[in-house]
Structures are given as C-alpha cells and as structure tokens.
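All remarks here apply to the structure that follows.
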Amino acid sequence: MKREAAIAGIGRTTYSRNSGVSTLALAREATLNALDDAGLSIADMDGMSSFAVADSDSVGTGEVAYSLGLDGLYWHSDTVGGGNVAAKVVADAVWAVEAGACEVAVVYRALNSRSGKRFGTYADPVAGRAPGGNVLRVGGRDQFTAPHGYMVPGQWFAMWAQRHFHTYGTGSDDLGAIAVQYRAHAANNPHALAQTPITMEDYHQSRWIMEPFHIYDCAMEADGACALVVTTLERARDLKHKPVRMLGHIAYTAKAGDNDRYDDMTCMYSQFVAPRLWDLTGLKPKDMDLACLYDCFTYTALATTEDYGFCEKGEGGRFYREGRATYGGEVVINPHGGLLSEAYIHGLNHTYEAVAQLRGEAGKRQVKDAELCLVSAGAAAYGSAMVLSGD
Amino acid sequence: MSDALAKAAPPPPQPLPDALSQPYWDHAARGELAMPRCQTCKAWHATPMEFCRKCGGKYAYEVVSGEGEVYSFLTEHHRVAPGFDDLLPYVVALVSPKEAPELRLASRLDGVRPGEARIGQKVKVRFVDLPGGDFKLPVFAPA
C-alpha cells in the first residue's frame with residue numbers, strides 16, 4: 001500500500017511590526033511550536049523545507065536544524081522563490097515523506113518583512129538612498145525597467161489590475177470589497193496584525209500607493225514565522241490532532257516568471273493550475289468549504305478567485321460585493337484575513353489557517369463543517385496550489 | 001564621500017550593461033530604439049538572450065520605428081527607488097511595439113499626467129537624459 005503523508009502540526013510566532021529578533025530565532029520558535037502542537041520532539045525531525053527570495057530575507061534549513069541541536073538532516077530543501085512556492089514547499093515535504101526520504105519534515109517561512117527587507121521599495125525609506133551607496137546600478141532584465149521607476153511587485157500587479165479594469169469594467173469598488181471583506185474576517189482572528197474593521201469609505205479615502213492600488217490593497221508586511229509538521233498519515237493518526245491530507249498539488253511558471261511577458265493579464269498562472277488541479281483531485285470549486293487564496297494585493301485575490309472557478313471570469317468583484325465569498329455565501333475565502341490583514345508571512349500562513357480550519361480549531365472564525373480547502377500561492381505569471389482535506 | 005555629496009538628491013537607478021545589453025544602450029545613445037531579433041527565424045524579443053527561444057538562432061539588434069500602443073499602465077504615487085521624487089506621481093506603461101505587438105516594453109510615459117493615460121493610446125519613443133550618468137533613456141510619449 002502506498003505510504004501517505006499528512007500535516008500533523010502547526011506552529012507560529014507572534015506576527016508583529018518589529019520582532020526585534022533574527023529570522024533564525026523566528027524560524028526556531030515556529031518550528032518548536034509546530035513540533036509541540038503535533039506532540040513530537042526535536043529528535044523526531046529528520047527533514048526540513050523552506051523558501052526565501054534571497055539569502056538576506058530568511059534563514060536556511062541547515063541553520064535552523066543546527067540551532068535546535070540537530071547535527072544533520074536526512075532530507076532538506078531550500079527553494080529560492082517568492083509567494084509562488086508557498087504551496088510547493090509543503091508539497092515537497094509531503095512527497096519526501098511519502099517517498100521515505102524522511103519521517104518527520106518541518107516546513108517553515110521566517111521573515112522580518114516589516115522591520116527588515118521590504119518588498120515594496122528599492123530605497124532606504126529614511127535617507128531615500130539606494131542600499132549600499134548613493135547610486136543604484138541595475139543589471140539583467142531590470143536594467144530596462146528600473147531607470148523608468150518600475151521595479152517592485154506591486155507595480156507589476158497594478159498593470160494587471162488596470163488591464164482587468166479595461167476588459168471587464170472592474171473598478172475600485174471591486175478591489176475595495178475584497179479589502180473590507182478580509183478585514184472583517186480578521187476581526188475574528190486574535191493573531192491577525194490588523195483586526196480593526198474598515199469601511200468602503202475608509203478604503204476610498206486611503207492613500208494611493210501605485211494606482212489603482214490604495215494602501216488597503218497591499219499586503220500587511222510583517223515580521224514573523226510559521227511552520228507545519230509533515231509525517232506519515234499512519235503516524236499522524238496517533239498524534240495529538242486530526243491529520244490534514246494533501247489531495248493534490250500543481251504549480252505553473254509562465255515565461256520564466258517575467259510578469260511583463262504574460263499573454264493575457266486579466267488572468268493569472270491560476271488559469272493553468274486550476275484545470276489540472278481539479279482534474280487531478282476529481283473535485284470542483286464548489287466542493288470547497290473554504291479557500292485560502294494568496295492575496296499579496298487585492299487584485300491577486302480577485303483574478304485567482306475567477307481563475308480557480310469560484311465565479312465566472314470578470315465577475316470576481318461582484319462575487320465579493322454580493323457577499324458570496326464569506327460566511328453564509330458560497331465559499332469562505334481567507335477567513336483569517338489573508339496576507340492583507342492577518343500578516344504577510346509570504347503565504348505559508350494560508351496553509352496554517354487551512355489546517356486550523358480543517359481540524360475545526362479556528363475559534364470564532366471557524367467555517368462550519370470545513371472538510372475541503374483550496375490553498376493557493378503566488379500571483380501573476382507563477383504560482384502553485386493544493387487541495388487539503390481533513391482526515 | 002563629502003557631506004555635500006551625501007546630501008545631494010540621489011539619482012535614479014543606472015543601467016549596468018553587459019555584453020548582451022550594451023548594443024541597446026549604444027543605439028539609445030544615438031537616438032535609436034533597438035530590439036533583439038533572431039537572425040534565423042526573425043522572431044523579436046523584448047530583452048536580450050544568447051539564443052532565440054524559438055529556434056536557437058542568434059540574435060542581433062535591429063532598429064525599430066519606436067511606435068507602439070499602451071497595453072496597460074499604472075500611476076506611481078510612492079517612492080520605490082531614489083531619483084523619482086520630483087516626478088511623483090508619474091505614469092508607467094507597458095507598451096506593445098508596432099513591430100511585435102505580442103511583446104511589451106516598460107516605460108515611463110513622458111508628458112502624460114495622472115488620469116490622462118489610456119489603454120490603446122498610441123505612443124512614440126523619445127530619448128531623455130537619465131540623471132546621474134551618461135545614459136540616454138528611451139521613453140514613450142503620446143504620438
């Protein structure tokens with residue numbers, strides 16, 4: 001019989017604006033909490049999986065294992081990538097356990113994305129200077145864009161949003177509905193960084209960042225870490241919590257991940273992932289009780305809500321405005337508040353939330369009888385997604 | 001670094017040309033917009049590569065008309081890098097060049113005020129001095 005793996009534990013740090021500690025300390029704490037949640041100890045862990053955009057924004061698996069007193073790991077995977085790999089790193093651990101490469105793998109993401117490196121700017125926010133000197137010199141593909149003042153992710157996705165506006169008549173009320181909805185969800189999440197509800201008026205009056213994005217369209221950059229424990233389903237059934245199984249995972253990268261090259265900017269990578277994922281799992285969007293959709297910006301959630309098939313193409317804004325993406329609607333999307341309101345833990349916090357919900361342990365924000373959850377990761381040209389199920 | 005230099009407004013990001021991109025900047029210095037084109041299958045590419053992704057042929061830069069159309073745009077209100085404070089808010093577009101409309105060139109839209117940009121708008125390249133160095137920067141402006 002095929003050896004099957006499951007998620008057996010979840011852990012996290014406090015999400016904050018300034019952790020005051022290193023990413024190593026954050027990763028270590030989240031790992032310990034996840035192992036404790038599963039009822040396992042450090043000595044049980046023989047594999048790790050994580051991701052980072054660059055060396056400077058996280059800490060590698062070897063360092064974390066070493067800091068916990070382990071002399072080595074039998075399986076480890078350090079993926080270079082952004083939110084697009086936040087589901088893939090979980091699948092990697094599931095497959096490693098299923099292949100017998102390790103028995104207990106911990107998946108984590110740790111970052112100081114508020115007090116440390118921020119993704120929304122190339123500049124030193126205080127001095128207005130380029131990091132490391134007075135002149136920023138840019139090679140590779142960016143040499144053609146950075147001199148125009150075009151180089152950060154929010155700008156790429158603003159282009160995509162504007163194209164959707166043009167094609168489908170989408171507008172600020174549609175993006176605002178997502179920001180307001182997710183914040184209302186976060187009001188029931190005690191560990192969300194932003195829990196104070198906002199109104200559409202607040203949204204419209206908030207400052208522009210890269211138009212058509214207001215500040216409330218942008219992820220809540222945060223310091224923190226979260227972690228998941230993956231082990232065999234058989235072992236997980238003897239541990240403290242109900243195991244959560246991965247029913248399928250698909251990833252797609254279009255055109256080398258260059259967002260400016262994507263053919264139709266009213267869709268995202270999810271237009272390719274969705275049909276394969278639904279085919280692989282034999283499930284449909286309407287089978288999902290909830291979805292944790294990657295929402296680095298409101299528009300990412302809008303486009304992927306459409307691409308995964310929760311509504312028709314072009315209807316994403318209306319889907320949120322009509323209350324179909326919340327409790328009492330068709331599917332609860334981002335009950336934790338998403339990256340927009342819970343915290344930007346680069347998307348791994350979406351899997352944490354999915355597991356809490358599928359175990360029935362999400363407190364006031366619990367989705368009733370939650371059995372199936374779509375978790376997506378990434379935006380624009382590249383991303384990954386998986387379907388999770390309670391055992 | 002002297003105190004005066006440290007306090008001077010920092011320039012915008014400067015290109016760091018390599019062997020593949022140097023011809024682009026050399027053309028720009030002469031007031032020409034050039035794009036890489038496969039010399040075997042004649043496919044255009046927006047950014048240089050060593051080999052054509054369609055047929056493996058060699059690329060060479062060819063001068064294009066500099067005419068195009070706005071595929072999408074944004075208005076930047078926030079400091080994303082040094083050197084743009086005086087321009088804020090400014091408009092950046094993805095431009096589909098006439099010769100290869102399936103491709104997109106990112107460019108600040110010169111002479112377009114926030115609220116004036118339109119998808120489908122016809123644009124034409126012009127060349128401006130990039131502050132802080134000797135580079136001429138191709139930018140698109142309303143045709």
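Throughout, protein chains are lettered first and strands after them, A, B, ... in sequence-line order, and every chain is numbered starting at 1. Hydrogens, waters and symmetry mates play no part in the numbers below; they use all other heavy atoms, side chains included.
Highest contact tally toward chain A, considering only B:Tyr24, B:Tyr71, B:Phe84, B:Phe135, is held by B:Tyr71 [criterion: heavy-atom pairs under 4.5 Å]. Between chain A and the residues B:Val139, B:Ile119, B:Val92, the most heavy-atom pairs under 4.5 angstrom are made by B:Ile119. Across A:Arg163, A:His166, A:Arg141, the residue that shares the most heavy-atom pairs under 4.5 angstrom with chain B is A:Arg163. Chain B forms more heavy-atom pairs under 4.5 Å with one residue of A:Arg137, A:Met210, A:Met159 than with any other, namely A:Met159. Among the candidates B:Leu74, B:Leu87, B:Asp85, B:Leu20, the residue making the largest number of heavy-atom pairs closer than 4.5 Å to chain A is B:Leu74. Considering only heavy-atom pairs separated by less than 4.5 Å from chain A, the leading option among B:Arg108, B:Arg53, B:Glu76, B:His78 is B:Glu76.
Side-chain contact annotation: A:Tyr203 with A:Asp217, donor-acceptor N/O pair under 3.5 Å present. Between the side chains of A:Gln271 and A:Tyr262, a donor-acceptor pair is found at a separation under 3.5 Å.
Atom CZ of A:Arg207 is surrounded by 12 or fewer heavy atoms from other residues, nucleotides or ligands within 6.0 Å. Around CZ of A:Arg276, the count of heavy atoms belonging to other residues, nucleotides or ligands within 6.0 Å does not exceed 12. Counting non-hydrogen atoms of other residues, nucleotides and ligands closer than 6.0 Å to CD of A:Glu312 gives a total of 12 or fewer.
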| query | So A:Tyr150 and A:Trp156, side chain to side chain contact (heavy atoms under 4.5 Å, CB included) or not? Walk me through it. | reply | CA-CA 8 Å; A:Tyr150 178 64; A:Trp156 308 330; 3.5 Å; yes

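The part of B:Pro138 that comes within reach of chain A is its backbone (N, CA, C, O), which places non-hydrogen atoms under 4.5 angstrom from that chain. Neither the backbone nor the side chain of B:Leu103 comes within contact range of chain A; no heavy atoms are under 4.5 Å apart.
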